[in-house]
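What you see is a predicted model, and the numbers here were worked out from it, not measured in a lab. Counting from 1, the numbers follow the sequence of the chain as shown.
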Amino acid sequence: MLEYKVSARRIDSHGSEALAKDARIVLDTDIAGRPDAFNPAEMLLASLAACILKGAERVIPMLAFELQGIEVNLHGSRQDSPPKMVRIDYEIVVDTAESDARLDLLHRNLQKYGTIYNTLADATELVGSIRRKG
């Protein structure tokens, strides 16, 4: 079983930081918000995007999938009471000449083997698509 460790601390009333391995991420924990850091909801969406992109790095060689680039666009919908993310929409855009059937195969693999993807899919409505760039 894999395990992960992250620590976080308050810097001041405008922000905090999270630490993992040798990496540091500035967090927007200011009640008024700040444009130069991710707030917790954005971190959740970024975590899903990272999961999809890392999953692509894992399955692309196994599928012998040819691509020149890949990006993920996400939109989260949050309700106020009780506060929770009720829906996450995502779009995976792949720069590739692969067939539609191969694009669908890539998408199914990203869904099936993504740790964050599967965790969120059990907790909220997760709706996504994959398409060719252009």
- Hey, is Asp12 close enough to Arg10 for a salt bridge, meaning N to O under 4.0 Å? no
- For Asp100 and Arg102, run salt bridge (charged side-chain N to carboxylate O under 4.0 Å, His left out): C-alpha distance rounded to whole Å, both residues' side-chain angles, the deciding distance at 0.1 Å, then the answer. CA-CA 5 Å; Asp100 289 347; Arg102 297 269 294 155; over 6 Å; no
- Task: Can you spot which of Asn109, Leu105, Leu103 makes a side-chain contact (heavy atoms from CB on, under 4.5 Å) with Phe65?
- Result: Leu103
- State, with a plain yes or no, whether a side-chain heavy atom of Ile25 is found less than 4.5 Å away from one of Met43. yes
- Phe38 atom CZ, neighbour heavy-atom count above 12 within 6.0 Å: no
- Can you see which heavy atom on Leu110 is nearest to which on Gly55, and at what distance? CD2-C, 3.4 Å
- Shortest non-hydrogen contact from Val6 toward Ala20: CG2-CB, 4.0 Å
- Hey, is the main chain of Lys112 close enough, under 3.5 Å, to the side chain of Asn118 for a donor-acceptor pair? yes
- Query: Between His14 and Asp30, which heavy-atom pair has the shortest distance, and what is it?
  - Reply: ND1-OD2, 2.6 Å
- Note on the structure: The side-chain contact (heavy atoms from CB on, under 4.5 Å) partner of Tyr90 among Ile130, Asn73, Val127, Leu74 is Leu74
- Message: If you compare all heavy atoms of Leu48 against all heavy atoms of Tyr117, which two are closest, and at what distance to 0.1 Å?
- Response: CD1-CA, 3.8 Å
- Could you check if a side-chain atom of Lys5 sits within less than 4.5 angstrom of a side-chain atom of Ser7, using non-hydrogen atoms only? no
- Task: Would you check if the side chain of Gln79 reaches a backbone N or O of Pro82 as a donor-acceptor pair within less than 3.5 Å?
- Result: yes
- Query: Would you say Val26 and Asp36 make side-chain contact, with heavy atoms under 4.5 Å?
  - Reply: no
- Specify the closest pair of heavy atoms between Thr96 and Gln68, including all atoms of both residues, with the distance to one decimal. CA-OE1, 3.8 Å
- Item | Note, Val86 side chain near Lys84 side chain (heavy atom, < 4.5 Å) | yes
- Query: So which heavy atom on Thr29 is nearest to which on Ser16, and how close?
  - Reply: OG1-OG, 2.8 Å
- Message: Strictly distance-based, threshold 3.5 Å: is any side-chain N or O of Asp28 a donor or acceptor partner for the main-chain N or O of Arg34?
- Response: yes
- Item | Heavy-atom donor-acceptor pair, Arg132 side chain to Glu98 backbone, under 3.5 Å | yes
